[in-house]
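What follows is a short report on a single structure.
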Amino acid sequence: MPRDSLSPAQARRVALTAQGLGRAAVAGTVGTRQLNGLVDRLGLLQIDSVNVFERSHYLPVFARLGEYDRGALDRLTLAPPGRYVEYWAHEAALVPVSSWPLLRWRMDDHRRRAHADDGSWLAANPRMARWLLDELREKGPQPASLVEHDANVRTGPWWGWSDVKRGLESLFRVGDVVSAGRRRFERVYALPEQVLPREVLDVEIGRHDAHVQLVAHAARAHGVGTASDLADYFRLKAVDVGPALAELRDQGVVVPVTVPGWSAAAWLHRDAAVPRSVRADALLSPFDPVVWYRPRAERLFGFRYRIEIYTPAPKRVHGYYVLPVLQDDQLVARVDLKSDRQAGVLRVQASWHERDLPVDVDRLAGLLDRAAAWQGLDRVEVVGRGDLADELAPAVRASAGPGPGSSGPGSDPDDEVEPAGADD
């Protein structure tokens with residue numbers, strides 16, 4: 001049914017449903033079909049190296065499908081040749097191989113800027129750039145650490161690790177090299193023809209047409225969103241998004257709608273469902289598409305979200321690696337999680353109510369139990385920090401039943417993995 005307005009609650013439910021949240025749990029084992037279907041629906045999985053609880057790209061899948069084999073996702077996404085490749089799509093992200101040509105304009109932009117700036121690495125180091133490409137051509141896909149090792153033992157000019165890494169990253173940005181997966185989470189670099197099929201390499205998509213397709217995917221993944229929301233999904237510029245939206249409107253792919261309280265016009269995807277309710281229990285990564293664009297999270301949920309991993313411990317408000325807790329169509333709480341793999345414990349370092357929203361602590365305790373099991377941990381322990389901890393701790397004990405699971409002092413909250421490349 002055509003509509004020209006949505007209530008704020010309807011907009012929340014549209015957004016969550018478009019993201020695959022609130023669906024019935026997968027019966028039995030989550031397999032390749034479900035994993036591919038989810039990644040294709042989202043369009044990308046953002047990568048981040050912080051693993052104090054779990055690395056970011058694994059978490060949107062758990063939030064939507066429940067317990068699954070992370071090794072199966074690795075085989076699909078990090079072991080080329082396959083259906084996915086890494087590039088700067090939002091931040092560093094895994095995208096379907098078929099989306100790589102849609103980002104060639106971005107690679108070309110990086111190349112033009114690099115060659116117009118005498119201080120850029122590519123402009124200043126053409127000889128080393130050629131050497132790096134020759135190394136990959138001769139020896140095949142390699143991580144930076146292996147290339148650096150070869151540079152140390154060979155004769156002739158020597159370049160240090162930082163030079164090798166900067167060079168490979170510069171070539172990666174302009175598309176002269178691509179990701180060939182990761183080994184122990186270290187990116188492996190390759191020439192495009194070593195990884196990507198010829199039918200992908202030969203595709204030429206103009207800048208405008210690429211933006212039309214990217215905005216269309218962002219609109220489908222959002223369900224409803226402002227132009228700024230849609231632009232942020234693939235980090236597009238307003239000057240390109242405006243014409244793309246106009247074309248999609250003319251095609252009937254998106255329709256303008258109003259949402260009370262939203263200061264900007266909203267766009268509803270033609271395939272978006274407007275459910276009467278959403279039943280969901282999920283822990284959202286800081287880099288989950290539902291919350292990664294902070295203005296949208298605040299507009300949809302009244303949820304003001306700031307990552308505090310770079311904040312000194314005494315100045316943190318909510319904790320180090322804080323995950324929003326989704327119950328039905330509201331973000332009702334925040335939990336600071338740490339997987340203590342040596343002790344076999346999922347530690348809830350802090351837990352907080354979100355404003356005056358009710359929290360079903362029994363549901364949250366069950367969700368934490370499932371998260372611990374997925375991580376291969378034996379139990380959940382609640383540290384007594386945060387205004388939800390006193391309610392959550394007994395619910396966790398009851399959920400665990402008789403046995404060692406209990407609230408406790410926890411480990412040192414500053415025993416953390418250093419962040420790298422986090423996006424706030």
Side-chain angles (χ1 to χ4, degrees), residues 16-86 89-90 92-97 99 179 181-185 221 278-292 321 323-328 335 337-341 344-348 363-380 399-400:
L16 292 169
T17 302
Q19 278 285 307
L21 288 154
R23 294 185 164 214
V26 175
T29 302
V30 174
T32 298
R33 182 175 62 84
Q34 289 90 356
L35 293 173
N36 281 329
L38 177 58
V39 182
D40 290 344
R41 167 191 283 268
L42 299 181
L44 71 171
L45 290 175
Q46 184 176 333
I47 297 173
D48 190 81
S49 63
V50 179
N51 66 345
V52 64
F53 167 52
E54 181 54 277
R55 287 194 170 105
S56 178
H57 66 286
Y58 295 112
L59 294 177
V61 182
F62 177 67
R64 290 155 177 81
L65 299 180
E67 295 178 49
Y68 71 97
D69 179 5
R70 286 163 291 173
L73 186 64
D74 288 346
R75 289 189 290 275
L76 288 176
T77 58
L78 300 179
R83 289 184 51 157
Y84 303 98
V85 69
E86 187 180 333
H90 179 76
L94 295 161
V95 299
V97 165
S99 294
S179 165
R182 287 181 177 243
R183 299 175 189 168
R184 294 182 296 276
F185 209 67
V278 169
R279 175 74 173 182
D281 286 286
L283 300 167
L284 300 183
S285 159
F287 312 108
D288 191 292
V290 172
V291 294
W292 66 19
Y321 197 69
L323 284 74
V325 176
L326 177 70
Q327 289 188 344
D328 301 333
V335 289
L337 298 186
K338 176 176 181 175
S339 293
D340 186 339
R341 297 170 180 88
V345 176
L346 176 60
R347 301 196 188 278
V348 185
R363 285 170 62 182
L364 177 52
L367 175 60
L368 292 168
D369 279 343
R370 295 192 295 276
W374 173 59
Q375 286 284 293
L377 304 174
D378 300 324
R379 64 190 189 278
V380 180
S399 177

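What you see is a predicted model, and the numbers here were worked out from it, not measured in a lab.
- Between atom CG of residue Leu346 and atom NZ of residue Lys338 there is a gap of 11.5 Å, rounded to the nearest 0.5 Å.
- Taking CG from Leu94 and CG from Leu73, the interatomic distance works out to 7.5 Å, rounded to the nearest 0.5 Å.
- Contact check for Glu67 versus Val30: no side-chain heavy atoms found under the 4.5 Å cut-off.
- Residues Val278 and Leu21 fail the side-chain proximity criterion, which asks for heavy atoms closer than 4.5 Å.
- Residue pairs meeting the salt bridge (Lys or Arg N to Asp or Glu O under 4.0 Å) criterion with at least one member in residues 32-46, sequence neighbours excluded: Asp40-Arg83.
- Rounding to the nearest 0.5 Å places CZ of Arg55 at 14.5 Å from CG of Leu45.
- Rounded to the nearest 0.5 Å, atoms CG (Asn51) and OG (Ser339) are 8.5 Å apart.
- With sequence neighbours excluded, no residue forms a ring-ring contact (aromatic ring centres under 6.0 Å, His included) with Tyr58.
- Using a 4.5 Å cut-off on side-chain heavy atoms (C-beta onward), Trp292 and Leu284 make no contact.
- Two residues are said to be in side-chain contact when any heavy atoms from C-beta on lie closer than 4.5 Å; Leu377 and Arg347 fail this criterion.
- Using a 4.5 Å heavy-atom cutoff, the side chains of Phe287 and Leu59 are not in contact.
- At least one side-chain heavy atom of Ser285 sits under 4.5 Å from a side-chain heavy atom of Tyr321.
- Taken from CD in Gln34 to OG1 in Thr29, the straight-line distance is 9.0 Å, to the nearest 0.5 Å.
- Shown here are the side-chain hydrogen bond (donor to acceptor under 3.5 Å, both in side chains) partners of Gln327, two or more places apart in sequence or in another chain: there are none.
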- Task: Let me see the working for Arg70 and Trp374 under side chain to side chain contact (heavy atoms under 4.5 Å, CB included), right down to the final yes or no.
- Result: CA-CA 9 Å; Arg70 286 163 291 173; Trp374 173 59; 3.7 Å; yes
What's the verdict on side chain to side chain contact (heavy atoms under 4.5 Å, CB included) for Val290 and Leu326, showing C-alpha distance, side-chain angles and the deciding distance? CA-CA 10 Å; Val290 172; Leu326 177 70; over 6 Å; no
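- No side-chain heavy atom of Val380 sits under 4.5 Å from any side-chain heavy atom of Val345.
- Atom NE2 of His57 sits about 5.0 Å away from atom CG of Leu78, to the nearest 0.5 Å.
- At least one donor-acceptor pair closer than 3.5 Å links the side chain of Arg363 to the backbone N or O of Ala280.
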